[in-house]
2 protein chains.
Amino acid sequence: MNETKGKNELLPGTLEMLILKTLSIQPMHGYGIAQHIRTISRSVLTVEEGSLYPALQRMLVKGWVSAEWKVSANNRRARFYTLTPAGRKQLGVEESRFSQVFGAIMRVMKTT
Amino acid sequence: MNETKGKNELLPGTLEMLILKTLSIQPMHGYGIAQHIRTISRSVLTVEEGSLYPALQRMLVKGWVSAEWKVSANNRRARFYTLTPAGRKQLGVEESRFSQVFGAIMRVMKTT
DNA sequence: CGCCTTTGCATAGACCATCTATATAAACTG
DNA sequence: CAGTTTATATAGATGGTCTATGCAAAGGCG
C-alpha cells in the first residue's frame with residue numbers, strides 16, 4: 001500500500017513562516033525562495049511550486065509581502081517579493097506560535 | 001462561543017506521533033489519550049474527537065495499535081488501545097522524522 | 001425523582017493547505 | 001537545433017483536521 005515517499009516533508013502550516021523568514025533576509029523571487037529553503041535545509045524541506053505560488057498569492061492578499069517584476073540574476077523576468085512591515089510583524093507572531101507549539105509537543109514526547 | 005480559539009493548534013502530521021507516544025506509556029482509551037495530551041501540553045494542544053477517533057481507526061488498520069473494550073476507572077465502557085510492536089517501531093520512525101524536519105526548519109529560521 | 005455535567009465513542013461533512021501534473025516561455029548549452 | 005535550467009502559474013486531487021451532531025450511561029444535586 002503505502003510504500004515510501006515523502007510527501008508532506010514540510011510540516012503543514014510552517015510554509016508561510018519559512019517564506020516570511022527567507023524574505024526577511026532580502027527580497028527574493030519565488031524560485032529563489034524555494035532554492036534557499038531547500039539549500040539551507042539540506043534538501044530536507046522541498047517547496048513544490050504548487051505550494052509556493054498559492055502561498056505567495058495568499059500572502060500578497062494579506063499584505064505580508066509586496067511584489068514587483070524585475071530581471072533576475074540570470075537575465076530572466078521574475079517577480080521579486082519584499083517583506084512588508086505587516087509581514088515582519090506576522091513573522092514574529094508565527095515564530096512565537098511555532099515555538100509554543102513545539103515546546104508543547106516536546107513536553108508530550110519527553111514524558112516517561 | 002470560542003472566540004480566540006486558534007484552529008490548527010496541532011501541527012498537522014504530528015497527531016499520530018503524539019498518540020503513539022502516549023500509548024507507549026500505558027494502554028489508554030481515546031478520551032484518556034486526549035486528556036493526557038491536553039494536560040501535558042498545558043492546553044496548548046487540544047485533540048478534538050473528530051481528529052482523534054479517525055486517527056485511531058487509521059492506526060488500527062495499519063496495525064500500530066490494538067483495541068479492546070473494557071470498563072474505565074469511572075465505570076463506563078471504553079475502548080482501550082495498546083501499542084503493538086509495529087506501533088512501537090513506527091513511533092521511532094516518526095520521532096526521528098520529526099527531529100529531522102524540526103532541525104531543518106530551525107536551520108532556516110536561524111539563518112541571518 | 002428529574003436535571004445537568006462529565007465521561008466516552010463515533011460519523012458526516014466542510015475546510016483548506018499541500019501535492020501532482022501540466023502549460024508556458026525565455027535563456028543558456030552543446 | 002534539441003535539451004536543460006530558470007521562472008511563473010493554475011487546475012485538480014488528496015487527505016488530515018475541525019465543526020457539528022448523535023448516542024448513551026454514570027454520578028451529583030436540589
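Below, chains carry the letters A, B, ... as their sequence lines are ordered, and counting in each starts from 1. None of the values given here were measured: they were computed from a predicted structure.
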Just the rounded figure in Å: distance from C1' of D:dT21 to CD of B:E48.
14 Å
Which pairs pass side-chain hydrogen bond (donor to acceptor under 3.5 Å, both in side chains) with one or both residues in residues 76-93 of chain B, sequence neighbours excluded?
B:Q90-B:E94
Rounded distance (Å) that lies between atom C1' of D:dG15 and atom NZ of B:K62:
11 Å
Between C1' of D:dT17 and CD1 of B:I37, the distance in whole Å
14 Å
side-chain contact (heavy atoms from CB on, under 4.5 Å) against A:A78, all qualifying residues, sequence neighbours excluded:
A:H29, A:S72, A:F80
In this structure, how many angstroms lie between the C1' atom of C:dA17 and the CD1 atom of A:I19, rounded?
12 Å
How long is the line joining NZ of A:K70 and C1' of D:dT6, in whole Å?
18 Å
Contact under 4.0 Å: A:S51 side-chain N or O vs C:dA17 OP1/OP2
no
Rounded to the Å, how far apart are A:L15 CG and D:dG16 P?
19 Å
Ring pair (Phe, Tyr, Trp, His ring centres under 6.0 Å) filter on B:Y53, not counting sequence neighbours, yields none
Quick one, give me the B/S/- string for nucleotides 2-10 of chain C, reading 5' to 3', where B means a protein heavy atom under 4.0 Å from the base and S means that only happens at the primed atoms, P, OP1 or OP2.
----BBBBB
Atom CZ of A:R58 to atom P of C:dC15: distance rounded to whole Å?
16 Å
Cationic N near anionic O, under 4.0 Å, B:E16 to B:K62
yes
B:S99 meets the side-chain contact (heavy atoms from CB on, under 4.5 Å) criterion, sequence neighbours left out, with none
Which pairs pass side-chain hydrogen bond (donor to acceptor under 3.5 Å, both in side chains) with one or both residues in residues 102-112 of chain B, sequence neighbours excluded?
none
